[in-house]
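Residue numbers begin at 1 in each chain, while the letters A, B, ... track the order of the sequences. The structure presented is a predicted model; accordingly, all values stated were derived computationally and were not measured.
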Number of protein chains: 2
Amino acid sequence: MPADDKQIPSVWARPRPDRRQPLLTRESIVAEAVRLLDEEGLDNLSMRRLGSRLGAGATSLYRHVASKDELLELALDAVYEELPLPDTGDWRTTVTEVARAMRATILRHPWLAAKLGDAGLAYLGPNMLRQSEFVLGVMEDAGFPLAEADQAVTTVMAYVVGISTGEAAWLSTVARSGLSEQELTEKLWPAAEQAVQDYPRLRARYAQQRDGDTSGVNQDTFEYGLQRVLDGLQARLA
Amino acid sequence: MPADDKQIPSVWARPRPDRRQPLLTRESIVAEAVRLLDEEGLDNLSMRRLGSRLGAGATSLYRHVASKDELLELALDAVYEELPLPDTGDWRTTVTEVARAMRATILRHPWLAAKLGDAGLAYLGPNMLRQSEFVLGVMEDAGFPLAEADQAVTTVMAYVVGISTGEAAWLSTVARSGLSEQELTEKLWPAAEQAVQDYPRLRARYAQQRDGDTSGVNQDTFEYGLQRVLDGLQARLA
DNA sequence: GCAGGACGCGCACGCCGTACGCTAGGATGA
DNA sequence: TCATCCTAGCGTACGGCGTGCGCGTCCTGC
């Protein structure tokens, strides 16, 4: 028994931890995990750090979650809950909005991209299922037979995830560097210019984009590709 | 001096390590890393394990490589070297072949998908640059202005990476489980069917695919989406 | 008043990436 | 020939990781 205890005048005065409702719940753990991931990224999430943010020890988390991997799957699905299911009446408008929302979500939680990279697009979280069912329905109503609707949805989602992954990786790099996007761009520019020197088209592209607004360019490219994908699908309905 | 030395009759008989050419080179390290990654996946690559496969200690690797992260970037680019640059004369045929080769490469090295998830599509490895320049040239020759050619290439690549990511994640899961694809599918089927019960369209899709040939289905979906993307781009040339 | 279960904690194990300083041997120049 | 320096690889160590296990402590239902 350490002498420190003497600093508390009496044991009885020490506030007992209130165990009326439990300190940890699966929900609170997942929510805090998402917050930590957003702030610090995928490789800065450790069970110890997460536990201490919740005022608990690392191993206490295992009462509510089977493993770190399972926790990440729960976090993934928790984020999917943010996605709206906007039925606009027109399949193309609806799919466009879903795609934009998906991209926005990935950019808001850049670790999503890395996690999707090894979890795949098709695991069985309820929110993910809900979203798939919804979009599948929209495509079927638009006139695609179910099997093709499935392929169409997969195509759009693959595009969105693929392109957002690239952007998210860049955002993560920016966050890790501690610099602003502008500053990091300027810092890396010489190396990039050097690297593309032997490639005339890449060099020209870089020159065009110099001092450009990165996020605006990304947004434009996203919209461009999305509309091309939807054009390709729409042609099948004719 | 431990007694074990006595087991060797004479110090002089012990073969001296031949230091004419060094045991480790950056190339040999990267090549072995790719092999290890292919066999055991991203989270089973550790510097210690890699070192011991090369007959060296973990820390020796750091003479040739600044960090594990850098090593992974080098491995990424090494794999990109496999990609062919097939000029067929027709942009659509060429892009189709590049896309197929890209998918095949990702499926051959499933860890690529996870790595791309946090490295992004656009870092500066020479082989990656070479490939970008090539495809950019093909699109420009097809009639796209340079800026749009860039967007078009990004669109196709995003699609390919996105869809291959999903497949690669599945392959990784299969590999980790130690079961065959067939066996794992059968084992997971009940849970999947259960999860999908409340969603009529998903349920119908699952029922249709029961006992289907997974890799054939994936291949078909890939081709379907790829042709839709290319349709959408082709329409811009008219 | 008591049994049983739920919850959180502390400890320990075997991994990890990697910083640092050492040594043995080859290359170099006097 | 010998002193010197450089290079590649090694051993040790540090701090951190995921997580299995057994302990106390409180809440609940009888």
Side-chain angles (χ1 to χ4, degrees), chain A residues 1-2 4-5 11-12 14-30 32-33 36-37 40-75 111 114-115 118-119 176, chain B residues 1-2 4-5 8 11-30 32-33 36-37 40-75 111 114-115 118-119 176:
Chain A
M1 186 169 297
D4 299 53
D5 278 1
V11 216
W12 316 112
R14 179 167 43 201
R16 282 191 303 120
D18 186 357
R19 288 271 179 81
R20 290 309 165 81
Q21 65 253 36
L23 171 59
L24 263 25
T25 64
R26 184 178 272 218
E27 288 69 32
S28 71
I29 292 174
V30 171
E32 190 64 38
L36 179 51
L37 285 165
E40 319 229 20
L42 197 51
D43 20 77
N44 287 91
L45 173 72
S46 79
M47 298 305 270
R48 287 174 227 264
R49 266 156 69 65
L50 179 56
S52 84
R53 280 171 69 123
L54 288 159
T59 60
S60 306
L61 305 176
Y62 286 87
R63 289 274 169 204
H64 307 270
V65 147
S67 67
K68 186 181 183 182
D69 241 44
E70 184 188 293
L71 173 60
L72 285 172
E73 283 194 20
L74 292 169
W111 50 275
K115 187 54 193 165
D118 69 34
R176 260 198 300 272
Chain B
M1 185 172 297
D4 300 53
D5 279 1
I8 295 173
V11 217
W12 316 113
R14 180 168 43 203
R16 282 191 303 121
D18 186 357
R19 289 270 180 80
R20 292 308 166 83
Q21 66 255 31
L23 170 60
L24 264 24
T25 65
R26 183 178 272 219
E27 289 70 30
S28 72
I29 292 173
V30 171
E32 190 65 37
L36 179 51
L37 286 164
E40 319 229 18
L42 197 52
D43 13 82
N44 287 90
L45 174 72
S46 80
M47 300 305 270
R48 287 175 228 264
R49 272 163 55 71
L50 179 57
S52 84
R53 280 172 70 123
L54 289 160
T59 59
S60 306
L61 305 176
Y62 286 87
R63 289 275 166 204
H64 306 270
V65 148
S67 67
K68 186 183 182 181
D69 242 43
E70 184 188 293
L71 173 60
L72 284 173
E73 282 195 21
L74 293 169
W111 51 274
K115 188 54 194 163
D118 69 36
R176 261 197 300 271

Rounding to an integer number of Å, can you tell me how far [X] [atom1] sits from [N] [atom2]?
X: Asp43(A); N: dG18(D); atom1: CG; atom2: C1'; answer: 15 Å
X: Leu50(B); N: dC15(C); atom1: CG; atom2: P; answer: 17 Å
X: Arg26(B); N: dT7(D); atom1: CZ; atom2: P; answer: 16 Å
X: Leu61(A); N: dC9(C); atom1: CG; atom2: P; answer: 9 Å
X: Leu42(B); N: dC16(C); atom1: CG; atom2: C1'; answer: 14 Å
X: Lys68(B); N: dC17(D); atom1: NZ; atom2: C1'; answer: 12 Å
X: Glu70(A); N: dT19(D); atom1: CD; atom2: C1'; answer: 14 Å

Exercise for the section: Take Asn44(B) and Ala58(A), find for each the nucleotide of DNA chain C with the closest heavy atom, and name the residue whose nucleotide sits nearer the 5' end. Expected result: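 Its nearest nucleotide being more 5', the pick is Ala58(A).
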Practice task
Would you kindly compare Ala66(B) and Arg63(B) by the position of their nearest DNA chain C nucleotide and give the one closer to the 5′ end?
Solution key: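 Here Ala66(B) is the residue nearer the 5' end.
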Proximity to the side chain of [X] - top-ranked nucleotide from [options]:
X: Met47(B); options: dT18(C), dG18(D), dC22(C); result: dT18(C)
X: His64(B); options: dT19(D), dC9(C), dA8(D); result: dA8(D)
X: Leu24(A); options: dG8(C), dT18(C), dG9(D); result: dG8(C)

Specify the closest pair of heavy atoms between [X] and [Y], including all atoms of both residues, with the distance to one decimal.
X: Ala114(A); Y: Leu42(A); result: CB-CD2, 3.7 Å
X: Leu61(A); Y: Gly51(A); result: CD1-N, 3.9 Å
X: Ser60(B); Y: Leu24(B); result: CB-CD2, 3.8 Å

Exercise for the section: Check whether any side-chain heavy atom of Thr25(B) lies under 4.5 Å from a side-chain heavy atom of Val30(B), and answer yes or no. Expected result: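 A side-chain contact under 4.5 Å is absent here.
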Handout entry: pair Met47(A)-Thr59(A): side-chain heavy atoms closer than 4.5 Å
Key =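 No; the side chains remain at least 4.5 Å from each other.
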Practice task
Quick one: label Leu71(A) by what it contacts on the DNA or RNA (base, sugar-phosphate, nothing), any heavy atom closer than 4.0 Å.
Solution key: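 Touches nothing.
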Exercise for the section: For Leu45(A), report the nucleic acid contact type (base, sugar-phosphate, nothing); a contact means any heavy atom under 4.0 Å. Expected result: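 Counting heavy atoms under 4.0 Å across all strands, the contact made by Leu45(A) is with sugar-phosphate only.
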Problem - Under 4.0 Å protein heavy-atom contact, by nucleotide of nucleotides 11-16 of chain D - B base, S sugar-phosphate only - result: BBB---
Exercise for the section: Would you please name every residue forming a salt bridge (charged side-chain N to carboxylate O under 4.0 Å, His left out) with Arg49(A), sequence neighbours left out? Expected result: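 Glu40(A).
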Problem - All side chain to side chain donor-acceptor pair (under 3.5 Å) counterparts of Glu73(A), not counting sequence neighbours - result: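 Here no residue qualifies.
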